[in-house]
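Only heavy atoms go into these numbers, but all of them, side chains included; no hydrogens, no water, no symmetry mates. Only a predicted model underlies this, so the values are computations on that prediction, with no experimental measurement involved. In what follows, chains carry the letters A, B, and so on, assigned in the order in which the sequence lines appear, proteins first and then strands, with residues in each chain numbered from 1.
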Amino acid sequence: MSNQVRVRFAPSPTGGLHLGGVRTVLYNYLFAKQNGGEFILRIEDTDQTRFVPGAEEYIFNCLAWCGLTPDESPKHGGPYAPYRQSERKAMYRQYAEQLIKQGNAYYAFDTAEELEKMRTDFKTDENPSPQYNYVIREKMKNSLTLGEAETQKLLEEGAPHVVRIKMPQNEEVKFNDMIRGEVSFNSSLVDDKVLLKADGMPTYHLAVVVDDYSMKISHAFRGEEWLPSAPVHILLWKYLDWENDMPQWAHLPLILGPDSSKLSKRHGNKYGFPIFAMNWTDPKTQELTEGFYERGFLSQAFVNLLAMLGWNDGTEQEVFSMEELIQRFDIIRVSHSGAIFDFEKAKWFNHEWIKKLPVAEYKDQVKKIFADNNITIANDEQFAKVLELVKDRCTLLNDFVAQASFFFQSPKEIDTAAIKPKWDDKKQQFFAELIRAYELLPTWQHDELEREFKEIVAANQMKPGELMMPLRVMLVGGKFGPGVFDIAAIIGKDETIARIKHALALLG
RNA sequence: GCCGCGUUGGUCAAUCGGUUAAGACGCAUCCCUUUCACGGAUGAAUGACGGGUUCGAUUCCCGUACGCGGUACCA
């Protein structure tokens with residue numbers, strides 16, 4: 001086998017792509033790129049009952065946004081096509097049959113009702129979920145109990161059947177996990193998993209082994225929820241006599257919700273933060289689940305925060321670009337325990353990236369958000385200037401609306417309550433005077449606006465502090481934002497004066 | 001129930017047997033700022049429990065507890 005690094009991410013197209021999924025992609029991707037390898041995306045659509053139209057395209061959109069482009073996939077093509085398991089259906093059966101011939105698997109004809117009956121009949125307090133295992137299989141309807149002739153007859157009649165792996169009794173199945181070290185299982189405690197379903201489709205267990213082998217996958221990273229079925233896969237690699245080509249495994253810790261259970265859509269609804277990379281609308285129910293993208297996250301921040309959820313490089317550095325991650329990522333340093341997702345920290349990462357990145361990198365994304373809020377941007381250069389001025393106070397891209405919309409339209413509401421209590425005629429006159437002075441100004445620059453303001457303040461023997469705040473509220477609508485004269489300089493003479501007049505009318 | 005994997009502040013976490021047990025998020029206080037942020041400083045807050053091994057355990061081993069995952073013709 002070659003030393004070529006080939007990794008894969010194999011989602012099933014059943015709905016939104018959540019944090020844990022994207023992180024699995026990310027770790028796969030980082031590992032591949034770091035080793036000059038290939039990242040393959042394979043679609044695991046073997047369960048047609050759960051197939052959701054649009055889900056595959058959605059996954060590609062999410063990956064594209066994150067900058068995690070596959071080298072091979074149903075969309076990008078590649079030498080091991082097809083990359084959709086439903087299109088590979090024909091090739092699985094031969095392996096299932098090979099296993100049967102070798103005595104490592106068998107046909108099972110039990111109906112859903114019979115299985116159900118078995119589960120209730122053998123259910124006890126000590127064993128609430130009886131498994132189809134080395135004991136039970138002797139009591140069921142399969143090629144082991146039926147005998148060759150009867151089995152043959154049923155097969156010829158076209159009786160519905162599945163193929164199950166025949167788990168050996170009392171064997172120690174061990175393997176070395178790149179993250180956890182040696183993990184071992186007793187084969188007696190693992191049930192006879194279905195390999196081939198009645199509809200001829202393979203289950204995940206068969207498909208993952210056959211496909212990883214035929215696509216020459218060198219390293220298999222997947223979520224920790226797969227650890228319990230790893231012995232089935234290990235045995236399959238062995239039985240198919242591919243052991244020397246078996247990928248190295250790494251089972252990634254889970255990403256948890258605030259209640260420390262496996263992160264799910266439920267958590268997003270409950271705690272009010274996104275779970276999916278991008279907006280996902282269920283085509284059946286029309287239910288919309290919010291994504292990080294739409295919430296105002298930068299892809300750089302999203303990738304960064306995901307990378308840090310379960311991994312660090314041992315230094316104090318937390319902000320990493322994709323290039324740095326590719327360089328520094330080390331699967332050995334991935335933590336062994338699940339990490340609770342903290343939305344506050346996620347926002348912090350985004351804030352860091354907003355500050356760090358040049359405005360040009362996200363100007364268009366913000367412009368779109370402004371358009372969604374019915375604010376059209378006429379002057380791109382000025383827009384960039386404004387974003388630069390307020391970026392420090394924006395955590396999410398959507399915050400730019402609240403922080404900068406007053407540059408492009410007069411504030412909808414003026415927080416007069418902030419000024420009124422201390423408002424008097426003297427202040428009213430001051431602003432009238434300020435308007436007159438500003439109207440006479442030949443040019444409109446930050447410094448002269450400030451100078452003029454201060455001169456009038458001094459002439460009236462007032463304090464700048466008590467007038468600065470009213471001016472701010474008049475211009476922006478509230479007690480926030482960058483320097484007042486910066487704002488006035490950008491919005492221009494006419495607009496500045498108009499806003500002061502408007503506020504004066506409200507106060508007077 | 002059984003099997004597997006885990007367990008350092010509220011959260012993310014460093015430590016490859018010896019430290020005053022880092023750092024970050026969040027929180028609090030202060031400074032800066034004639035606003036809000038940014039920035040800076042300070043503070044509160046951590047090794048689940050019990051046994052070993054060792055001169056010395058957060059670190060290694062065992063047990064207990066707890067948590068999570070799995071236990072489908074779903075992935």
Scan nucleotides 25-29 of chain B against the protein and return all N/O pairs shorter than 3.5 Å with their distances rounded to 0.1 Å.
| residue | atom | partner | partner atom | Å |
| --- | --- | --- | --- | --- |
| B:rC25 | OP1 | A:Trp348 | NE1 | 3.3 |
| B:rC25 | O2' | A:Lys345 | N | 3.3 |

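- A distance of about 38 Å separates the C1' atoms of B:rC62 and B:rC74, rounded to the whole Å.
- Remark: the separation of the P atoms in B:rA37 and B:rC31 is 15 Å, to the nearest Å.
- Using bins of under 30°, 30° to 60° and over 60° for the plane-to-plane angle, the ring pair A:Phe297/A:Phe343 lands in the tilted bin.
- Distance check on atom C1': B:rU58 versus B:rA72 gives 41 Å, rounded to whole Å.
- Distance from the side chain of A:Asp191 is smallest for B:rA72 among the nucleotides B:rA72, B:rA13, B:rC74.
- Side-chain atoms of A:Trp226 lie closest to B:rA75 of the nucleotides B:rC5, B:rA75, B:rC68.
- A donor-acceptor contact closer than 3.5 angstrom links the side chains of A:Arg333 and A:Asn312.
- Comparing the C1' positions of B:rG10 and B:rC5 gives an interatomic distance of 24 Å, to the nearest angstrom.
- Remark: the separation of the C1' atoms in B:rG18 and B:rC36 is 49 Å, to the nearest Å.
- Checked against B:rG69, B:rC3, B:rC5, the side chain of A:Ser261 finds its nearest nucleotide in B:rG69.
- Relative orientation of the A:Trp237 and A:Tyr213 rings is perpendicular, given thresholds of 30° and 60° on the angle between their planes.
- Nearest to the side-chain atoms of A:Ser335 among the listed nucleotides B:rA13, B:rC68, B:rC3 stands B:rA13.
- OP1 and OP2 of B:rA37 both lie 4.0 Å or more from every side-chain N or O belonging to A:Lys391.
- In this structure, A:Trp249 and A:Phe175 have perpendicular ring planes: the angle between them is above 60°, well past the 30° mark.
- Straight-line distance between the C1' atoms of B:rU46 and B:rG40: roughly 26 Å, to the nearest whole Å.
- OP1 or OP2 of B:rC74 lies within a sub-4.0 Å distance of a side-chain N or O belonging to A:Lys197.
- By the 4.0 Å N-to-carboxylate-O rule, A:Lys139 lies too far from A:Asp121 to be salt-bridged with it.
- B:rG47 and B:rC60 have their C1' atoms separated by 16 Å, given to the nearest Å.
- Taking atom CG of A:Asn312 as the reference point, atom P of B:rA24 lies 14 Å away to the nearest angstrom.
- In this entry the distance linking CD of A:Glu225 with P of B:rC3 reads 21 Å, nearest Å.
- One interatomic measurement links the two molecules: CZ of A:Arg222 to C1' of B:rC5, which rounds to 14 Å at whole-angstrom precision.
- Distances shorter than 4.0 Å separate some side-chain N or O of A:His336 from OP1 or OP2 on B:rG6.
- B:rC38 and B:rU29 have their P atoms separated by 15 Å, given to the nearest Å.
- Taking the side chain of A:Pro228 as heavy atoms from C-beta on, and the options B:rU71, B:rG6, B:rG69, the nearest nucleotide is B:rG69.
- Contact annotation: A:Ser337 does not reach the phosphate of B:rC68 (side-chain N/O to OP1 or OP2, under 4.0 Å).
- Whole-Å rounding puts the A:Ile136 CD1 to B:rC2 C1' distance at 14 Å.
- A:Arg164 has no side-chain polar atom (N or O) that falls below the 4.0 Å cut-off from OP1 or OP2 of B:rA72.
- Relative orientation of the A:Phe430 and A:Phe453 rings is perpendicular, given thresholds of 30° and 60° on the angle between their planes.
- Under a 4.0 Å N-O distance rule, the pair A:Glu113/A:Lys117 does not qualify as a salt bridge.
- Comparing B:rC5, B:rC36, B:rU71 against the side chain of A:Phe480 picks out B:rC36 as the nearest.
- Between atom OH of residue A:Tyr271 and atom CZ of residue A:Phe341 there is a gap of 13.0 Å, rounded to the nearest 0.5 Å.
- Summarising the base pairing, B:rA65 is matched to B:rU7 through a Watson-Crick or G-U wobble pair whose two defining distances lie under 3.5 Å.
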